[in-house]
There are 2 protein chains.
Amino acid sequence: MRIITAALDLFGEHGVNGTSLQMIADALGVTKAAVYHQYPAKDDIVVAAIEVELAKVEAALDAAEAEESPPRARALVLAQVIDLAVERRTMVSAVQHDPVVVRLLAHHEPFRQLMARLSAVLTGPDPTVDRRVRAAMVSAALGGAVTQPLVADLDDEALARHLLTLAEQLLALPG
Amino acid sequence: MRIITAALDLFGEHGVNGTSLQMIADALGVTKAAVYHQYPAKDDIVVAAIEVELAKVEAALDAAEAEESPPRARALVLAQVIDLAVERRTMVSAVQHDPVVVRLLAHHEPFRQLMARLSAVLTGPDPTVDRRVRAAMVSAALGGAVTQPLVADLDDEALARHLLTLAEQLLALPG
DNA sequence: GTCTATACGCGGATAGAC
DNA sequence: GTCTATCCGCGTATAGAC
């Protein structure tokens, strides 16, 4: 678990390919071999790290899907996901687009289903093309906006508040 | 120039760290040494590749900044940038968040100025916090949304049209 | 669980011939 | 401009002792 924490920080800063097992071991003050004892291969560390983060998204989805009203479900998920992204700005944005992560996730069925659930909540029950593009934009914007220099000076609370308002506004369909 | 083209494709697929000079050389059907003859180091290839792409953004900015009306300038830039992003979906999204690229761009003054100009056009002459968050979201959304599975089935023209409408909507300030 | 030691390949990079 | 050949370091991974 300490390995996962250290790995996520390093992945965020250097990317997965840019993070060696030596770096992870150094961050923990142990040797590479000690790390290998817990995870037989580097990919296993990556998968475990992603799972930890996605578990939080899954919890948010579970709560949201218990809601009756789609707009209310959407609001719940947005608030949670935004908090997660804002809290760990660098890591979320970097890992989300990392080619290694993308490849692992594309082949990982549980993750694909999770993303499908997230998309469904964001688009609502009637996923027109317009709503799908909106949902895609919001997904990308939440993960990506948090690292923009433009908003680097905003504290977490303020950034999260603005993002939530604007994401809601973009998803609401006065189009 | 062929090197840059090949490199950009590979960077998009594997990330910068995941792309070796051997891969680039193989893609061109030459040896590593031949590549080194034109670019003394890998970083030089990365910088050159980024410059090629950013030159297109710069051209759009030049045209836009000649406009009198800020909203009209914004619309011009948006249309251009969206076309660029949609046209080369994978590459733009991957390279934009690549840790190596991010680090190079953070230390490269011409790049920083270009990004500042882009931000200025997106926020308009009065960059309130609200407008800055909107601009950050749009920046992130344009580069990131194009690779979302949600919109993978849309053709370039349709995706670009929707993105432009929604980006405009998000930037317009009925907030 | 953690260590030392080591294998093996591939990474970036260079020298020098054609 | 492109080649062959080579250097060196670091990457992942394993073996085996404590």
Side-chain angles (χ1 to χ4, degrees), chain A residues 1-53 90-91 94-95 97-108 111, chain B residues 1-53 90-91 94-95 97-108 111:
Chain A
M1 195 72 239
R2 290 181 58 230
I3 292 181
I4 300 303
T5 309
L8 276 172
D9 286 341
L10 289 165
F11 290 164
E13 191 172 356
H14 306 285
V16 174
N17 270 324
T19 302
S20 68
L21 292 174
Q22 187 67 65
M23 292 183 200
I24 298 175
D26 287 349
L28 299 173
V30 298
T31 61
K32 285 191 286 183
V35 176
Y36 269 104
H37 181 263
Q38 302 186 46
Y39 294 94
K42 187 181 178 182
D43 270 6
D44 296 324
I45 300 179
V46 179
V47 169
I50 301 171
E51 277 170 353
V52 166
E53 289 305 300
T90 320
M91 191 277 290
V95 171
H97 293 86
D98 190 288
V100 178
V101 175
V102 167
R103 192 154 309 180
L104 278 174
L105 266 51
H107 300 344
H108 196 331
F111 169 76
Chain B
M1 194 73 244
R2 290 180 57 230
I3 292 181
I4 299 303
T5 309
L8 276 172
D9 286 341
L10 289 165
F11 290 164
E13 192 172 355
H14 306 285
V16 173
N17 270 323
T19 302
S20 69
L21 293 173
Q22 187 66 64
M23 291 183 201
I24 298 175
D26 287 350
L28 299 172
V30 298
T31 62
K32 281 194 288 183
V35 176
Y36 269 104
H37 182 262
Q38 303 186 46
Y39 295 94
K42 187 180 177 182
D43 270 5
D44 296 323
I45 301 180
V46 179
V47 169
I50 302 172
E51 276 170 352
V52 166
E53 290 305 300
T90 319
M91 192 276 290
V95 171
H97 294 87
D98 190 287
V100 178
V101 175
V102 168
R103 192 156 307 181
L104 278 174
L105 263 56
H107 300 351
H108 199 88
F111 292 158

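Because only heavy atoms are used, hydrogens play no part in the values below, and waters and symmetry mates are left out as well, while side chains stay in. Here is the naming used below: chain letters follow the sequence lines, and residue numbers restart at 1 for every chain.
Rounded to a whole Å, the CD atom of A:Gln22 is 7 Å from the P atom of D:dG11. Between B:Tyr36 atom OH and D:dT4 atom P there is a gap of 17 Å when expressed in whole angstrom units. Taking atom CD1 of A:Ile24 as the reference point, atom P of D:dA13 lies 11 Å away to the nearest angstrom. Between the NZ atom of B:Lys32 and the C1' atom of D:dT4 there is a distance of 12 Å, given to the nearest Å.
Put simply, chain A comes within 4.0 Å of DNA chain C, heavy atom to any atom, from C:dG1 to C:dT4, going 5' to 3'.
Using a 4.5 Å heavy-atom cutoff, the side chains of B:Val35 and B:Ile45 are in contact.
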**Request:** Please step through side chain to side chain contact (heavy atoms under 4.5 Å, CB included) for the pair B:Val16 and B:Leu10, ending with a clear verdict.
**Result:** CA-CA 8 Å; B:Val16 173; B:Leu10 289 165; over 6 Å; no

Exercise for the section: Assess whether side chain to side chain contact (heavy atoms under 4.5 Å, CB included) is satisfied between B:Gln38 and B:Met1, documenting all intermediate values. Expected result: CA-CA 10 Å; B:Gln38 303 186 46; B:Met1 194 73 244; over 6 Å; no

Legend entry - Trace of the side chain to side chain contact (heavy atoms under 4.5 Å, CB included) decision for B:Leu21 with B:Ile24: CA-CA 5 Å; B:Leu21 293 173; B:Ile24 298 175; 4.3 Å; yes

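Aromatic rings from B:His108 and B:Phe111 are positioned such that their centres are separated by under 6.0 Å.
Heavy-atom nearest nucleotides on DNA chain D were determined for B:Arg2 and for A:Lys42, and the one closer to the 5' end corresponds to B:Arg2.
Within 4.0 Å (heavy atoms only), B:Ser20 reaches sugar-phosphate atoms of the nucleic acid but no base atom.
Judged purely by atom type and a 3.5 angstrom limit, B:Lys42 has no side-chain atom pairing as donor or acceptor with the backbone of B:Ser20.
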